[in-house]
Amino acid sequence: MKIGYPCINETLPCSSATTFRLASYSEERLIQAVTTNLACLQQILEFNVQHGLLFFRMSSDLVPFGSHPVNTFNWQEYFAPTFTAIGAYIKQNKFRISMHPDQFVVLNSPTETTVQNSFSELAYQCTIMDLMGLDKSAKLQIHGGGVYGDKPAAIRRFADAVQVLPANIRARLVIENDDRSYSLRDCLEIHELTGIPVLFDNFHHECLNNGEPMGEALQLAAQTWQPEDGILMMDYSSQSPGDRKGKHISHIQLDLFREFLTHLNGLDVDIMLEIKDKEASAIPAMALLRELGYVPAAEPVS
DNA sequence: CAGGGTCAAGAATTA
DNA sequence: TAATTCTTGACCCTG
């Protein structure tokens, strides 16, 4: 079991997602931003190793405009040695890695250009993982997309789109249940049609489900992962008290987290904490996992 | 220099 | 058909 937080470290004085406006695009600006971002990514990974946080979601913004036509620079080749070095560090420390293309990646959109843009974005993010030399357990997580008033048709379009993806992207693609449109059951159906694993989000499942108890839901999602995919990846969060339903909590509530863990029933998972204060929650969560024996005690610093 | 409007990209809801 | 919400950080313009 590994645990982590997404993209941003609030302790370190750097960002791995510096960007700039499209209007101010230039090759110099791009090189500067990517250089900064990759240097910071390395620092974050080192911080995480020190704290035993070995599941990490890399920012979608490592390369600004990574899939935009304005970006004709061969950043893949220019930064290949840096990607290789970071990848070596990731493998040396046995990190689990994910990326999460955002809401603009919609494989089942009825708009052809939206689908094409989605393919480009997936290709961009997959290239980063490929350049790092990561195996197929490093995943790209996306949601089902829109429903457009006809979910069965939307699911078929999604499945058709997955089939025409290049093999390297398809091998990394996983679908995550969301909190308003595509439930775990819908995602399992997409898995049946495409073979892609289902990344389980406990909080989304609480918001939208078909009656599956948490423990059963975890088992159903876990069954969609093949050995080469690695163990089940999941997103963990809980409701922010007093806020709109679906709003993520700002700091981890350890009693709720502890209660959630009882539903695992021995299932091994990697847990991404989608909680606002990032490592400030991940560190105490990790301490709890050690206390409960889910992960070994910290190794002495050599 | 701080505050705040705005930013590549979408979908669903509401007006 | 058009505006707003979702959701989020940070760029970068304005005063």
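Computed from a predicted model, the values in this text were never measured in an experiment. Lettering follows sequence order; numbering is per chain, from 1.
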For the pair made of [atom1] in [X] and [atom2] in [N], what is the distance, rounded to whole Å?
{"X": "E112(A)", "N": "dA9(B)", "atom1": "CD", "atom2": "P", "value": "18 Å"}
{"X": "E121(A)", "N": "dG10(B)", "atom1": "CD", "atom2": "P", "value": "12 Å"}
{"X": "N71(A)", "N": "dA9(B)", "atom1": "CG", "atom2": "P", "value": "16 Å"}
{"X": "D178(A)", "N": "dG10(B)", "atom1": "CG", "atom2": "P", "value": "18 Å"}
{"X": "D179(A)", "N": "dT5(C)", "atom1": "CG", "atom2": "P", "value": "18 Å"}
{"X": "Y148(A)", "N": "dT13(B)", "atom1": "OH", "atom2": "C1'", "value": "15 Å"}
{"X": "F65(A)", "N": "dA8(B)", "atom1": "CZ", "atom2": "P", "value": "6 Å"}
{"X": "D102(A)", "N": "dC7(B)", "atom1": "CG", "atom2": "P", "value": "17 Å"}

TODO: Could you walk me through whether M132(A) and M58(A) pass the side-chain contact (heavy atoms from CB on, under 4.5 Å) test, one step at a time?
DONE: CA-CA 12 Å; M132(A) 287 179 173; M58(A) 302 193 293; 3.7 Å; yes

TODO: Please figure out whether P69(A) or P110(A) has its closest DNA chain B nucleotide nearer the 5' end.
DONE: P69(A)

Please measure how far the [atom1] atom in [N] lies from the corresponding atom in [M], and state the result in whole Å.
{"N": "dT14(C)", "M": "dA8(B)", "atom1": "P", "result": "16 Å"}
{"N": "dC7(B)", "M": "dA3(C)", "atom1": "P", "result": "15 Å"}
{"N": "dC1(B)", "M": "dT8(C)", "atom1": "P", "result": "31 Å"}
{"N": "dA11(B)", "M": "dG9(C)", "atom1": "P", "result": "23 Å"}
{"N": "dG5(B)", "M": "dT5(C)", "atom1": "P", "result": "14 Å"}

Looking only at side-chain atoms of [X], point me to the closest of [options].
{"X": "K247(A)", "options": "dA9(B), dT8(C), dA8(B)", "answer": "dT8(C)"}
{"X": "R180(A)", "options": "dA11(B), dA9(B), dT13(B)", "answer": "dT13(B)"}
{"X": "V147(A)", "options": "dG10(B), dA12(B), dA8(B)", "answer": "dA12(B)"}

Task: NZ/NE/NH1/NH2 to OD/OE distance under 4.0 Å, R57(A) and D235(A) - done: yes

Task: Beyond-backbone contact of Y78(A) with V34(A), side-chain heavy atoms, under 4.5 angstrom - done: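 Side chain of Y78(A) against side chain of V34(A), heavy atoms only: no contact under 4.5 Å found.
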
Task: Side-chain N or O of K151(A) closer than 4.0 Å to phosphate OP1/OP2 of dA11(B) - done: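 No, outside the criterion.
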
Open item on the list: Does either side chain, that of Y182(A) or that of N108(A), offer a donor lying less than 3.5 Å from an acceptor on the other one?
Closed with: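 Distance-only check passes for Y182(A) and N108(A).
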
Open item on the list: Can a side-chain donor-acceptor contact be found between D130(A) and T127(A) if the only test is distance below 3.5 angstrom?
Closed with: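 T127(A) vs D130(A): no donor-acceptor pair found between side chains.
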
Got a donor-acceptor contact below 3.5 angstrom from the [X] side chain to the [Y] backbone?
{"X": "D201(A)", "Y": "Y236(A)", "value": "no"}
{"X": "K278(A)", "Y": "I275(A)", "value": "no"}
{"X": "N93(A)", "Y": "F95(A)", "value": "no"}

Task: Sugar-phosphate, base or nothing in reach of T111(A), heavy atoms under 4.0 Å - done: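 No contact.
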
Open item on the list: Using a 4.0 Å heavy-atom cut-off to protein, can you give one letter per nucleotide of nucleotides 10-15 of chain C, 5' to 3': B if the base is in contact, S if only the sugar-phosphate is, - if neither?
Closed with: -BS---

Task: For dA10(C), the Watson-Crick or wobble counterpart (both distances under 3.5 Å) - done: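 Pair assignment: dA10(C) / dT6(B).
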
Open item on the list: Suppose we define a pair by two distances each less than 3.5 Å, Watson-Crick or G-U wobble; what does dA15(B) pair with here?
Closed with: dT1(C)

Open item on the list: Going by centres under 5.5 angstrom and planes under 30 degrees, do the aromatic ring of F104(A) and the base ring of dG10(B) stack?
Closed with: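 Whether judged by distance or by angle, F104(A) falls short somewhere, so it does not stack on the base of dG10(B).
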
